[in-house]
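To start, the structure itself, in structure tokens.
For clarity, every value in this text was computed on a predicted model and none was experimentally measured. Heads up: numbering here begins at 1 and tracks the sequence.
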Amino acid sequence: MTIDTLWQMLIDHQTETFYTMKKLPFCYHVKGGEIFVDRRSKSITKATFEQALNKLNDNPNKITGPKSLNVFGAPYIWAILKTFGVV
């Protein structure tokens, strides 16, 4: 999956409810190159999602959960990628 495809999916599914691995619900909205999660005060950038995708492509067997992504907002990124079937 490319970052542009993923970003379009993020735009298409904003305001839907997602769940972290700890079953915490969250929603987000997209503004430019950032998403704003309702459970966080800071945004998660498109570049951060791209880093996560690159890590998944480079080491698919080593990335087994949010912590192994090692990027800001990993629990939310992981939940979104899991829902979209990327992981």
Side-chain angles (χ1 to χ4, degrees):
M1 173 173 295
T2 67
I3 186 59
D4 292 329
T5 302
L6 175 60
W7 203 254
Q8 187 57 53
M9 290 174 75
L10 286 166
I11 292 169
D12 294 343
H13 293 275
Q14 59 186 327
T15 71
E16 292 180 13
T17 302
F18 292 82
Y19 295 89
T20 66
M21 285 187 67
K22 293 183 178 181
K23 307 293 184 220
L24 299 172
F26 70 95
C27 296
Y28 68 86
H29 67 276
V30 178
K31 185 175 180 183
E34 301 174 286
I35 71 163
F36 293 86
V37 176
D38 63 354
R39 299 183 70 87
R40 304 260 334 173
S41 58
K42 292 184 176 181
S43 67
I44 304 170
T45 65
K46 184 175 182 178
T48 304
F49 274 91
E50 190 168 21
Q51 282 180 331
L53 280 178
N54 289 338
K55 288 182 180 189
L56 284 166
N57 290 332
D58 293 345
N59 298 304
N61 296 329
K62 290 186 178 182
I63 307 298
T64 58
K67 286 186 179 184
S68 57
L69 282 176
N70 197 29
V71 294
F72 177 79
Y76 305 105
I77 293 171
W78 183 263
I80 291 167
L81 294 177
K82 190 144 180 85
T83 302
F84 292 166
V86 177
V87 292

Pairwise distance OG1(Thr2) to CG(Leu53) - rounded to 0.5 angstrom | 8.0 Å
Does one hydrophobic cluster hold both Phe36 and Leu24, with members joined at side-chain heavy-atom distances below 4.5 Å?
-> no
Is there a donor-acceptor contact under 3.5 Å from the side chain of Tyr28 to the main chain of Phe18?
-> no
What pairs of residues pass the salt bridge (charged side-chain N to carboxylate O under 4.0 Å, His left out) test when at least one of them lies in residues 11-27, not counting sequence neighbours?
-> none
Residues which pass salt bridge (charged side-chain N to carboxylate O under 4.0 Å, His left out) with Asp4, listed by chain and number, not counting sequence neighbours = Lys46
Donor-acceptor under 3.5 Å (Thr5 side chain, Met1 main chain) = no
Pairs touching residues 48-63 that satisfy side chain to side chain donor-acceptor pair (under 3.5 Å), sequence neighbours left out | Thr45-Thr48
According to the ring-ring contact (aromatic ring centres under 6.0 Å, His included) rule, which pairs have a member within residues 43-70, sequence neighbours left out?
-> Trp7-Phe49
Nearest-0.5 Å distance, CD of residue Gln8 to NE2 of residue His13 = 9.5 Å
Side chain to side chain, Ile63 and Ser68, heavy atoms closer than 4.5 Å = yes
Shared ILVMFWY cluster between Met9 and Ile11, side chains joined below 4.5 angstrom?
-> yes
Hydrophobic cluster membership, Leu10 vs Val37, 4.5 Å side-chain cutoff = yes
In short, salt bridge (charged side-chain N to carboxylate O under 4.0 Å, His left out) pairs touching residues 26-41 with sequence neighbours left out are none
Per-pair distances, 0.1 Å, donor-acceptor, side chain in residues 74-87, under 3.5 Å, sequence neighbours excluded:
| residue | atom | partner | partner atom | Å |
| --- | --- | --- | --- | --- |
| Thr83 | OG1 | Ala79 | O | 2.8 |

Considering non-hydrogen atoms only, spot the tightest contact between Pro25 and Thr17 and give its length.
-> CB-CG2, 4.0 Å
